[in-house]
Amino acid sequence: MSDFIAGMPKNTNNKKNLASSLVENSAKNALFDFFRMSACLSHELGILLPQFKMRMAVAESCTSGLLGSSLTQINGSSNWFEGGVISYSNSIKQNILNVEEKILKQFGAVSMPTACEMASGVCSALKTHFGISITGIAGPSGGSRQKPVGTVFIGVSVPKAFQTVKKKITLQKQAPLQNGMEDSWLKSCQIMKHIYLQQESNIVPLGFFQTKARHFLFEGDRESIRQSATLMALYFAYETLLAEE
């Protein structure tokens, strides 16, 4: 439990002021390109993960399979994607993903510590190196004052030795999708992150893995929230693979 207290979020709300409403609207409108944007990000992950010799798995609650479906849009994804767990209930979170009962009781199923344990838990359960988790409230019901509809926590886990391995690799890019348009979609994800990100945790060690999580507050109807969460999970994974130590 102390690991989570030490790794609780750094507030990033000061980034919420945007230069113009035009920039904000462009990010929201980007959701209409959900399938192309998710294909773009999945394509990037499919280039990066094999270079690390890593396979990935996903643990999903509110998105209930949308993340895994997005990843398998890409031809050849079986080379780097192992599978996923749809952990809609707390019992699945506990029994399959090994989320501690005391974490669920203290912080709730929709929380940063739960997202962290889901991400590392799916790596352990499916024997992969890289894990992504999503837990949230897609609505229209289920929200509260403390956790309104649109609250989503996304976790990413990598091996503890990841940064050491990364220093030995010179990452190679391949041809972009759709005649170079993927740069525009990546930029749209950067803008979405700027708008909707509430907090980011420190890195938390969990077993053989190091995990961190992000807290988002998305707008829109149930499907928009699920799509936003999926895009930001893919983008979080992409940033994790590329980020400097």
Side-chain angles (χ1 to χ4, degrees), residues 1-13 15-16 57-67 84-125 130-158 192-193 195-207 209-220 222 225-237 239-240:
M1 186 73 68
S2 60
D3 286 337
F4 284 118
I5 301 301
M8 286 308 283
K10 300 173 181 176
N11 200 309
T12 59
N13 279 326
K15 298 197 300 180
K16 298 291 287 183
V58 299
E60 303 182 62
S61 184
C62 63
T63 48
S64 59
L66 188 58
L67 177 57
V85 175
I86 300 175
S87 54
Y88 222 62
S89 69
N90 282 358
S91 64
I92 297 296
K93 291 180 179 70
Q94 285 182 252
N95 297 326
I96 304 298
L97 301 178
N98 290 317
V99 177
E100 294 184 70
E101 183 178 9
K102 61 184 178 181
I103 292 293
L104 291 169
K105 285 183 176 179
Q106 181 172 348
F107 299 101
V110 179
S111 67
M112 199 165 279
T114 296
C116 285
E117 292 216 336
M118 286 172 63
S120 64
V122 78
C123 288
S124 297
F130 192 85
I132 312 175
S133 67
I134 303 176
T135 181
I137 304 168
S141 60
S144 66
R145 184 174 180 181
Q146 291 77 23
K147 297 178 183 178
V149 169
T151 299
V152 173
F153 295 91
I154 299 172
V156 173
S157 277
V158 295
M192 286 179 65
K193 173 189 167 185
I195 294 170
Y196 296 120
L197 179 64
Q198 301 292 295
Q199 296 170 319
E200 179 167 358
S201 75
N202 295 320
I203 293 173
V204 178
L206 289 170
F209 302 96
Q210 57 183 29
T211 306
K212 60 181 177 179
R214 288 175 176 170
H215 170 201
F216 292 89
L217 183 58
F218 297 117
E219 299 174 345
R222 182 179 179 84
I225 291 167
R226 283 160 39 88
Q227 290 181 354
S228 295
T230 298
L231 288 176
M232 287 295 94
L234 292 169
Y235 189 67
F236 192 4
E239 282 195 320
T240 299

query = Within a strict 4.5 Å, meaning less than it, do heavy atoms of the C116 and L206 side chains meet?
reply = yes
query = Hey, does S87 have a side-chain heavy atom less than 4.5 Å from the side chain of I96?
reply = no
ask   = How far apart are the closest heavy atoms of Y88 and C62, and which atoms are they?
value = CE1-CA, 4.2 Å
request  = Output yes when a side-chain donor or acceptor of T114 lies under 3.5 Å from a complementary backbone atom of G108, and no otherwise.
outcome  = yes
request  = Return the minimal non-hydrogen interatomic distance between Q199 and M112, and the atom names on each side.
outcome  = O-CE, 4.0 Å
remark   = For A229, the side-chain contact (heavy atoms from CB on, under 4.5 Å) test, sequence neighbours excluded, returns T63, I134, V152, F218
request  = Answer whether the closest heavy-atom distance between the side chains of K212 and T240 falls below 4.5 Å.
outcome  = yes
query = Does the side chain of S111 come within less than 4.5 Å of Q106's, by heavy atoms?
reply = no
inquiry  = Is the shortest side-chain heavy-atom distance between L97 and E117 below 4.5 Å?
reply    = no
query = Any donor-acceptor pair under 3.5 Å linking the side chain of R222 with the backbone of G139?
reply = yes
key: Reference residue F236; test side chain to side chain contact (heavy atoms under 4.5 Å, CB included); the match among I154, L231, L197, I132   = I154
task = Heavy atoms only: give me the nearest L67-T230 pair and the separation to one decimal.
result = CA-CG2, 3.8 Å
query = Counting N and O atoms only, with roles assigned by atom type, does the side chain of K147 sit under 3.5 Å from a partner on the main chain of V110, one being a donor and the other an acceptor?
reply = yes
query = So, the side chain of E60 versus the backbone of L66: is there a donor-acceptor pair under 3.5 Å, distance only?
reply = yes
request  = Can you measure from CZ (F216) to OG (S228) and round to the nearest 0.5 angstrom?
outcome  = 10.0 Å
key: Separation of F153 CZ from I137 CD1 (nearest 0.5 Å)   = 8.5 Å
task = Return the minimal non-hydrogen interatomic distance between V122 and G131, and the atom names on each side.
result = CG1-CA, 4.2 Å
request  = Would you indicate whether the side-chain heavy atoms of K193 and Y235 approach each other to under 4.5 Å?
outcome  = yes
note = Residues pairing under side-chain hydrogen bond (donor to acceptor under 3.5 Å, both in side chains) where one sits in residues 132-143, two or more places apart or in two chains, turn out to be none
task = For T211 and S120, work out which heavy atoms get closest and say how close.
result = OG1-CB, 3.8 Å
